[in-house]
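Given the structure is predicted, the values throughout are model-derived calculations rather than measurements. In what follows, every chain begins at residue 1, and chains take the letters A, B, ... in the order their sequences are listed.
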Protein chains: 2
Amino acid sequence: MINVAIVGYGNLGRGVERSLKQNPDMELVGVFTRRSPETVATEGAAAFHMDDLLSKKADIDVCILCGGSATDLPVQTPEITKNFNTIDSFDTHAKIPEHFAKVDQAAKANQTVSIISTGWDPGLFSLNRLYAQSILPTGETNTFWGKGVSQGHSDALRRIAGVADATQYTIPNNEVIENLKAGEKLELTTRDKHFRECFVVLEEGADAEAIKEEIVTMPNYFSDYDTEVNFVSQEELNRDHKAMPHGGTVLHTGTTGEITNQVIEYTLQLESNPEFTASVLVAYARACVRLAKEEQFGAFTVLDIAPKYLSPLDDATLRKELL
Amino acid sequence: MINVAIVGYGNLGRGVERSLKQNPDMELVGVFTRRSPETVATEGAAAFHMDDLLSKKADIDVCILCGGSATDLPVQTPEITKNFNTIDSFDTHAKIPEHFAKVDQAAKANQTVSIISTGWDPGLFSLNRLYAQSILPTGETNTFWGKGVSQGHSDALRRIAGVADATQYTIPNNEVIENLKAGEKLELTTRDKHFRECFVVLEEGADAEAIKEEIVTMPNYFSDYDTEVNFVSQEELNRDHKAMPHGGTVLHTGTTGEITNQVIEYTLQLESNPEFTASVLVAYARACVRLAKEEQFGAFTVLDIAPKYLSPLDDATLRKELL
């Protein structure tokens, strides 16, 4: 039995609690939070204060860190890895090398294992980029996201003065995807690959036209895209736009021989982004504990982990049933 | 530089020769054949007789075995693994455990590495079955093949008395795939998942109706499927049905939480099955040589190999550019 602690209990932490119930080789020790534990409404798990984590060290095989990449994980992962095997979903791409180096140092110095940046992107999409490019080195990889809710873009909308609430959908250009799959060679701009669709609730008296203009011209977030802005009531937003679907496609179009087209496509279609991400973290938690048993200490990413480590089945069964 | 020998030179061996030209870290030592080397029309590679393989041992880092699974590989892989690191594409599913055991013994006794059953199924499809089932244990995996040419079914057609030549296409039921992706729970029979389409050239005087009946009722190959039989001229078959396209989809439809649908789909769309399979073998040849350098001797499958071993890029670059 693998004994798991959840550190941080938002949407991702709740997703991990749900995923663990689907994995009979795993047991949840409890949820560790910076809030008062009695205020945390888990789905059955014991809740403890973060300050009690170290005192439960003997009961915990691996900590699944469910904090955010902006401020939580850069501090928590290196710190907790000093005492525990850890999994995180650190997804600030530009800072991954730095994060990896810090966590690796903590893990090697303290004989623990940490698998960082798991999830689906980075994570499963990274794996598929690597496999596809290694197999078809003459080719192009394009990653498309959506249709799904971008938390970062929704937050950007909500920061605008006069906006009460908002949801932003990232929508891939399916026509471009089909043309690539048909073997067309395309020079793609940012605008060609994705659309953005916004559902915005205005505060009373806000100027809709001015806000729409502010959205579609917002640098980094919207100005490089074709963006549609819809104004809706809070009731409509709550009813139709509070789910967290997401997904996307890694599409690699390669050539073998002189002119032979070969297409590798990996697509996720997720009704709940946090529940799916949580399921990926749980599978890698299994791998993490195995690496620790083998005394392969240090930091790893999904690119370093042999697929078999994710499965509860033994090697001979995997060869017989899945190969 | 990784020095590669190709053992056996049919469609797959030719595909490996082409793939190696796309991988600047690899060099082809030559093609080794049971035929007279001077009769083998390579695309530039030196050709040698199989009997000369051992004499070139010092020049070869890995042998890519391109023989067939029926009679060649069960003998060749264990035998050649006594002296060389090897890659094969052994695909007789039921005999994989036995084949693995034999090759593993040869590799461990002689300090070599062999990666067996590479390609796309078994191979990349196996990987995707494993990843998907490990991440979403509550779910169903279905593998669909095609549209593509099945060599085994085409051979079965050609063995019928009165048939001069034939090509068989395996066609997935795309409606079933769409229904599964939409979250429908389906009990699928063999007939539901694939159709079979045959293009048959008759010998002079052959009885078309009798042959059609013999095809559609043929056990194991056609009787469990809806099969369409088309009679065509040899000219038409040569013109339209001698390419070797293939592909397929591994579709995993899972549930998280109580009722949240999550879909993982991996699809290959290949204009040339042998050239793509060859490209997979070449990427795993790189992994094989690395494992040998690390003195991790024995037999492996794709399930045992960390993704990073397939890439010519170093770990830090992979984390920076692909994660």
Side-chain angles (χ1 to χ4, degrees), chain A residues 15 18-19 22-23 93 96-97 100 117 122 124 126-131 133-138 181 183 247 254 256-258 260-272 275-276 278-280 282-283 286 301-308 310-312 315-316 318-320 322-323, chain B residues 15 18-19 22-23 93 96-97 100 117 122 124 126-131 133-138 181 183 247 254 256-258 260-272 275-276 278-280 282-283 286 301-308 310-312 315-316 318-320 322-323:
Chain A
R18 290 178 180 175
S19 174
Q22 297 181 320
N23 287 279
H93 275 88
I96 286 175
F100 182 89
S117 301
L124 303 181
S126 322
L127 283 178
N128 277 279
R129 288 187 281 262
L130 171 56
Y131 277 119
Q133 292 181 17
S134 301
I135 290 161
L136 298 176
T138 305
K181 286 165 70 173
T256 57
E258 293 300 318
T260 310
N261 288 318
Q262 315 274 21
V263 180
I264 303 176
E265 179 187 354
Y266 183 77
T267 295
L268 297 173
Q269 184 188 304
L270 311 173
E271 279 189 0
S272 165
E275 285 186 10
F276 185 78
S279 298
V280 179
V282 167
R286 183 181 290 119
T301 76
V302 298
L303 307 178
D304 305 312
I305 311 289
K308 66 174 176 183
L310 275 67
S311 172
D315 294 2
L318 289 177
R319 280 194 295 273
K320 191 161 179 282
L322 291 186
L323 198 65
Chain B
R18 290 178 179 173
S19 174
Q22 297 181 319
N23 287 278
H93 274 88
I96 285 175
F100 182 89
S117 300
L124 302 180
S126 321
L127 284 177
N128 277 280
R129 288 187 283 262
L130 172 56
Y131 277 117
Q133 292 180 18
S134 301
I135 289 161
L136 299 175
T138 305
K181 285 165 71 173
T256 56
E258 293 301 317
T260 310
N261 289 320
Q262 315 274 24
V263 180
I264 304 175
E265 179 187 353
Y266 183 77
T267 293
L268 297 174
Q269 183 188 304
L270 312 174
E271 280 190 357
S272 165
E275 284 185 11
F276 185 77
S279 298
V280 180
V282 167
R286 183 181 289 118
T301 76
V302 297
L303 307 177
D304 306 312
I305 310 289
K308 67 174 175 181
L310 275 67
S311 173
D315 294 3
L318 289 176
R319 280 194 296 272
K320 190 159 180 283
L322 291 185
L323 197 65

Which atoms of [X] come close to chain A, meaning under 4.5 Å heavy atom to heavy atom: side chain ones, backbone ones, both, or neither?
{"X": "B:Tyr266", "result": "both"}
{"X": "B:Leu323", "result": "both"}
{"X": "B:Glu258", "result": "neither"}
{"X": "B:Leu127", "result": "side chain"}

If you count heavy-atom pairs under 4.5 Å with chain A, which of [options] comes out on top?
{"options": "B:Gly183, B:Ser134, B:Ala316", "result": "B:Ser134"}
{"options": "B:Ile96, B:Asp315, B:Val280, B:Ile305", "result": "B:Ile305"}
{"options": "B:Gln269, B:Lys181, B:Arg129, B:Arg18", "result": "B:Gln269"}
{"options": "B:Leu270, B:Asn261, B:Thr267", "result": "B:Asn261"}
{"options": "B:Gly15, B:Pro122, B:Ser279", "result": "B:Ser279"}
{"options": "B:Ser117, B:Gly254, B:Pro97, B:Gly257", "result": "B:Gly257"}

Worksheet item: Have A:Glu271 and B:Thr260 got a donor and an acceptor in their side chains that come within less than 3.5 Å?
Response: no
Item to complete: Go through the side-chain N and O atoms of A:Thr256 and B:Glu275 and say whether any donor and acceptor fall under 3.5 Å apart.
Response: yes
Worksheet item: Measuring heavy-atom distances to chain B, does A:Leu136 have an atom under 4.5 Å in its side chain, in its backbone, in both, or in neither?
Response: side chain
Practice prompt. Begin from the C-alpha positions of A:Leu322 and B:Ser126 and carry the test side chain to side chain contact (heavy atoms under 4.5 Å, CB included) through to its verdict.
Written response: CA-CA 6 Å; A:Leu322 291 186; B:Ser126 321; 5.6 Å; no
Fill in: Non-hydrogen atoms of B:Ala283 and A:Ile135 that approach each other most closely
CB-CG1, 4.0 Å
Worksheet item: Does A:Glu265 reach the main-chain N or O of B:Leu268 with its side chain, forming a donor-acceptor pair under 3.5 Å?
Response: no
Item to complete: Please check if the side chain of A:Gln262 supplies one atom and the backbone of B:Ser272 the other of a donor-acceptor pair under 3.5 Å.
Response: yes
Distance from [X] atom [atom1] to [Y] atom [atom2], nearest 0.5 Å?
{"X": "A:Leu303", "Y": "B:Ser311", "atom1": "CG", "atom2": "OG", "value": "9.0 Å"}
{"X": "A:Arg319", "Y": "B:Thr301", "atom1": "CZ", "atom2": "OG1", "value": "6.5 Å"}
{"X": "B:Lys308", "Y": "A:Asp304", "atom1": "NZ", "atom2": "CG", "value": "4.0 Å"}
{"X": "B:Ile264", "Y": "A:Leu124", "atom1": "CD1", "atom2": "CG", "value": "6.5 Å"}
{"X": "A:Gln133", "Y": "B:Leu318", "atom1": "CD", "atom2": "CG", "value": "9.5 Å"}

Worksheet entry | Test side chain to side chain contact (heavy atoms under 4.5 Å, CB included) applied to B:Val302 and A:Tyr131, step by step | CA-CA 11 Å; B:Val302 297; A:Tyr131 277 119; over 6 Å; no
Worksheet, complete the sentence: Across all chains, not counting sequence neighbours, the side-chain contact (heavy atoms from CB on, under 4.5 Å) partners of B:Asn23 are A:Pro137, B:Ser19, B:Asp25, B:Met26, B:Val282, B:Arg286
